[in-house]
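Here is the naming used below: chain letters follow the sequence lines, and residue numbers restart at 1 for every chain. Values below: all heavy atoms of this structure, side chains included; hydrogens, waters and symmetry mates excluded.
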There are 2 protein chains.
Amino acid sequence: MVSARRQQILEAALEVFAERGFKGTSIDAVAERAGLTRQGVLHYFPSKKRLLLDLLAFREELAREHLAGRRLGEDWAGDFAEAVAFEVHHPSLATVQTVVLAEAVTGQEPACGYVRERSRSLQEHLTAHLIERYGDRLPSGLDPRTAAAAVLALIEGVHQLWLVDQDAERYPRIVHEALSVLLGTDSAPEPHLPQPQLPLTNG
Amino acid sequence: MVSARRQQILEAALEVFAERGFKGTSIDAVAERAGLTRQGVLHYFPSKKRLLLDLLAFREELAREHLAGRRLGEDWAGDFAEAVAFEVHHPSLATVQTVVLAEAVTGQEPACGYVRERSRSLQEHLTAHLIERYGDRLPSGLDPRTAAAAVLALIEGVHQLWLVDQDAERYPRIVHEALSVLLGTDSAPEPHLPQPQLPLTNG
DNA sequence: GTCTATACGGTGATAGAC
DNA sequence: GTCTATCACCGTATAGAC
């Protein structure tokens, strides 16, 4: 499905889009980084717009692959923390997402449709999963729809905080702890246990 | 401090930057919307970069003015919900923030320094205030530094969610409820009042 | 001081010709 | 593929009107 050439171009595009945004990127720049000509890129991706959309799909696929071994939904806080940890080690993925989002809020194609649909879809699915798991009220007291929005907002915001933070490595843990509280799955918030079961590398 | 002319230019710049980003905006476009020439704009703001930085300061000042009547820190969740409610009714403010942030994560000036410093400063101040108020452990069980990062991430993420959401009006309430849980100041997850005390004009 | 009008040098992206 | 024409923009003048 994804030829080596295609993937090579997608990886080059990922870097260039992350560095210079969509508007700021020329197909020539992607071609140069991938080691071929503009015509070569256009052979695989008929337009810059299509290249970006395929790149976003590629990005989601990478993230999904990384979570493939987990049993999603048993430990939401852990799932999202793991996803964030993955992105922390692949800054281009988060950067391109942020860049596309910014172009979406200005109403520009092609990002606009993608971001709106993705946001709506994620909220809807997460809400449904939370209802299935907890009913109409989470252990934290939040209703599932509110919690889903808050969780996604936290994840999106974390993307941007760690991108400009010296110490990006602490964000997976932040996500894990904050989501545990938000959902109410916090097993031990009490001062009696100094050693939580999380892989805290230190404080 | 801010002449009428300056403010007029800033408001025009706010709209144009929000619509087209920093790179995509020409001084001519700002000048045209403000009703003068490029030279007129450059008379007040010696460069495009400076125009953006002053615009960001202007944006913060607007937000601060809007919260001037509150006794900040007594009710953090309410404070932030109010701030979000304000921005929901001024989409250009949130949009320009998002756009600038995206340009910052690609390492581009002038946004980069501003965003990094603002993020660091906000986290530091909020952490200090939380420690002063709650000590080294919030009622939710989170430590103040983690909570501060989570709160700011939630706020940043909410900016972007509501910008692409049909129903932006629900986000102030989401922020209020989610922050109450995150901080542990959740007094009563009451199902009885769908009408918070915020000045939501409604939709 | 607050602008307008005009113009110049420099840049970076784009498009066409060779 | 390189070279060149073109374009849009930034920033910096200058001169002058109110």
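Not a single donor-acceptor pair, N or O on each side, falls under 3.5 Å between the base of C:dT2 and the side chain of B:Gln39.
Near DNA chain C, defined here as any heavy-atom distance below 4.0 Å, the residues from residues 26-38 of chain B are B:Leu36, B:Thr37, B:Arg38, listed numerically.
Ionic pairing of A:Arg118 and A:Glu156 is present here: one or more N-O contacts between side-chain nitrogen and carboxylate oxygen are shorter than 4.0 angstrom. Between A:Glu61 and A:Arg64, no side-chain nitrogen of the basic residue sits less than 4.0 Å from a carboxylate oxygen of the acidic one, so the salt-bridge criterion is not met. Remark: B:Glu11 does not engage B:Arg6 in a salt bridge, criterion side-chain N to carboxylate O under 4.0 Å. Of the charged side-chain nitrogens involved, at least one lies within less than 4.0 Å of a carboxylate oxygen, so that A:Asp165 and A:Arg170 count as a salt-bridged pair. In this structure, B:Arg145 does not pair ionically with B:Glu124, as no charged nitrogen and carboxylate oxygen lie closer than 4.0 Å.
We find that CG of B:Leu51 is positioned 10 Å from P of D:dC10, with the value rounded to whole Å. Following rounding to the nearest Å, B:Lys48 (NZ) and D:dT12 (P) show an atom-to-atom distance of 14 Å. Spacing between atom NZ of B:Lys23 and atom C1' of D:dA8 amounts to 15 Å, rounded to whole angstrom units. Distance, B:Leu42 CG to C:dA7 P: 18 Å, rounded to whole Å.
Listed by first then second residue, pairs satisfying ring-ring contact (aromatic ring centres under 6.0 Å, His included) with a partner in residues 133-172 of chain A number zero, not counting sequence neighbours.
For B:Gln97 and B:Glu87, the side-chain atoms include no donor-acceptor pair closer than 3.5 Å.
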- Please step through salt bridge (charged side-chain N to carboxylate O under 4.0 Å, His left out) for the pair A:Arg20 and A:Glu15, ending with a clear verdict. CA-CA 9 Å; A:Arg20 326 215 314 221; A:Glu15 296 174 17; over 6 Å; no
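Within 4.0 Å (heavy atoms only), B:Thr25 reaches sugar-phosphate atoms of the nucleic acid but no base atom.
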- Query: Pairs counted as Watson-Crick or G-U wobble with both distances under 3.5 Å: what dot-bracket string results for DNA chain C, using | for bases tied to another strand?
  - Reply: ||||||||.|||||||||
